[in-house]
Number of protein chains: 2
Amino acid sequence: MKKLDIQEELKKNGMKSTKHRVAILDILIKKDQPISAENIFFEIQKMDVAINLSTVYRNLEALLEKGLVTKLSLSGDSRSVFEYNRMVHRHYLICLGCKKILAIEDCPIKGYEHQIEDETEYQIVGHKLDLYGYCPKCKKK
Amino acid sequence: MKKLDIQEELKKNGMKSTKHRVAILDILIKKDQPISAENIFFEIQKMDVAINLSTVYRNLEALLEKGLVTKLSLSGDSRSVFEYNRMVHRHYLICLGCKKILAIEDCPIKGYEHQIEDETEYQIVGHKLDLYGYCPKCKKK
DNA sequence: CATGCAAATACAAATCATTTGCATGATTAT
DNA sequence: ATAATCATGCAAATGATTTGTATTTGCATG
């Protein structure tokens, strides 16, 4: 997505367009995997844009509220990771060796939610499924 | 489980039996739902046993290593919760209203792990599935 | 293009959950 | 009982995230 499109996207959502927001979205859109606030901070600095870590957090918070990004916390890591919200239901496959995160769009839970609704009288609004294992490279060791 | 059995269980796992450890396990065994370190701390104080929060953390860590308890971090909460390890594979149903956590022993993922192994060449070692929704009480509001 | 207002930013300090260092106290094998 | 070992309290450190506040910026308007 081009810089102009990102600015457009921000305004469409009632947000001011700033170089920091554009940079954050740009990074998130390009990354194929979720990334932490601190890593976003580092990436932006690599682009020779000065930014403060709290600005990263505040912007992620704002983008989150507008639904432009999603936040996820994975088992065994105390920090959250963020990704551009591609509006698809996703699950994740996390490599316990190198910590790489792979997104999976396939979802095996469809009918199960209804079954649980019937069994428990709860109203289910969503679910979170993550798989843990070892990627081909880490598997060898 | 009785106090004596808990002491037995601790020794069987090569741990010294202390009043704090017994109290922690006792609380965990009685609770039907996962509980945070701080809440364990409060519960122990209610039993008129003096304890420090760092002792709770250190003991949970030790019990975790011995496999006597399990730790889980749930989406949208920055603190971890713990439960007695009943040696069953479990999923959780979290009420977004009152935050109650219900354990579900049924698991719909069985075959899916193999399918993903075939598709991705990863070696899957486990998964985490949590459902989010509203319990019968909170559903009404 | 100047300008004013609301929103965004930097920076430091606060917070929250969790961990650690160290001196002291309890538990267990001998 | 005694020593060796491990557990504990307390305070201070840590790491991730949030917040207060003075300053700067984006952008609608004249």
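Here is how names work: the chains are called A, B, and so on, in the same order as the sequence lines, proteins then strands, and each is numbered from 1.
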*asked:* So, does B:Asn52 get its side chain near the phosphate of D:dA11, meaning an N or O under 4.0 Å from OP1 or OP2?
replied: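 So the side-chain polar atoms of B:Asn52 never come under 4.0 Å of the phosphate oxygens OP1 or OP2 of D:dA11.
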_C:dA8, OP1 or OP2 - any side-chain N/O from A:His20 closer than 4.0 Å?_
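No, A:His20 has no side-chain N/O under 4.0 Å of OP1/OP2 on C:dA8.
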Could you tell me how far apart [X] ([atom1]) and [N] ([atom2]) are, to the nearest whole angstrom?
X: A:Ile40; N: D:dT17; atom1: CD1; atom2: P; answer: 10 Å
X: A:Asn13; N: C:dA7; atom1: CG; atom2: P; answer: 16 Å
X: B:Gln45; N: D:dG9; atom1: CD; atom2: P; answer: 10 Å
X: A:Arg21; N: C:dA7; atom1: CZ; atom2: P; answer: 11 Å

_Is it true that, when you exclude A:Lys139 itself, more than 12 heavy atoms of the residues, nucleotides or ligands shown sit nearer than 6.0 Å to its NZ?_
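Buried by this count: over 12 neighbours within 6.0 Å.
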*asked:* Tell me if the CD atom of B:Glu121 is crowded by more than 12 foreign heavy atoms within 6.0 Å.
replied: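 No, not enclosed.
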*Would you write the dot-bracket representation of DNA chain D, where each base gets (, ), [, ], | or . depending on whether it forms a Watson-Crick or G-U pair under 3.5 Å and with which partner?*
||||||||||||||||||||||||||||||
*asked:* Please identify which of these residues, A:Thr55, A:Asp26, A:Asn59, meets the side-chain hydrogen bond (donor to acceptor under 3.5 Å, both in side chains) condition with A:Arg21.
replied: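 When A:Thr55, A:Asp26, A:Asn59 are each tested with A:Arg21, the side-chain hydrogen bond (donor to acceptor under 3.5 Å, both in side chains) holds only for A:Asn59.
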_Partners meeting ring pair (Phe, Tyr, Trp, His ring centres under 6.0 Å) with A:His127 (sequence neighbours left out)_ =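 Testing A:His127 for ring pair (Phe, Tyr, Trp, His ring centres under 6.0 Å), a comparison that skips the adjacent residues, returns A:His89, A:His91.
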_Identified side-chain contact (heavy atoms from CB on, under 4.5 Å) counterpart of B:Leu28 within the set B:Leu68, B:Ile40, B:Thr70, B:Asn85_ =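 Considering B:Leu68, B:Ile40, B:Thr70, B:Asn85, a side-chain contact (heavy atoms from CB on, under 4.5 Å) with B:Leu28 is found only for B:Ile40.
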*Side-chain contact test, heavy atoms from C-beta onward, threshold under 4.5 Å: evaluate it for A:Pro136 versus B:Tyr122 and give yes or no.*
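Yes, at least one pair of side-chain atoms sits under 4.5 Å.
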*Side-chain heavy-atom pair B:Gln115, A:Asp106 within 4.5 angstrom cut-off*: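 Contact flag for B:Gln115/A:Asp106 side chains = yes.
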_Nucleotide-resolved protein contact map, nucleotides 17-28 of chain C, B/S/- at heavy-atom distance under 4.0 Å_ = SBBBBB----BS
*Can we say B:Glu61 and B:Arg58 salt-bridge, meaning some charged N sits less than 4.0 Å from an Asp/Glu carboxylate O?*
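Salt bridge: no.
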_By the 4.0 Å heavy-atom rule, please label B:Ala62 as base, sugar-phosphate, or nothing._
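Nothing, no heavy atom under 4.0 Å.
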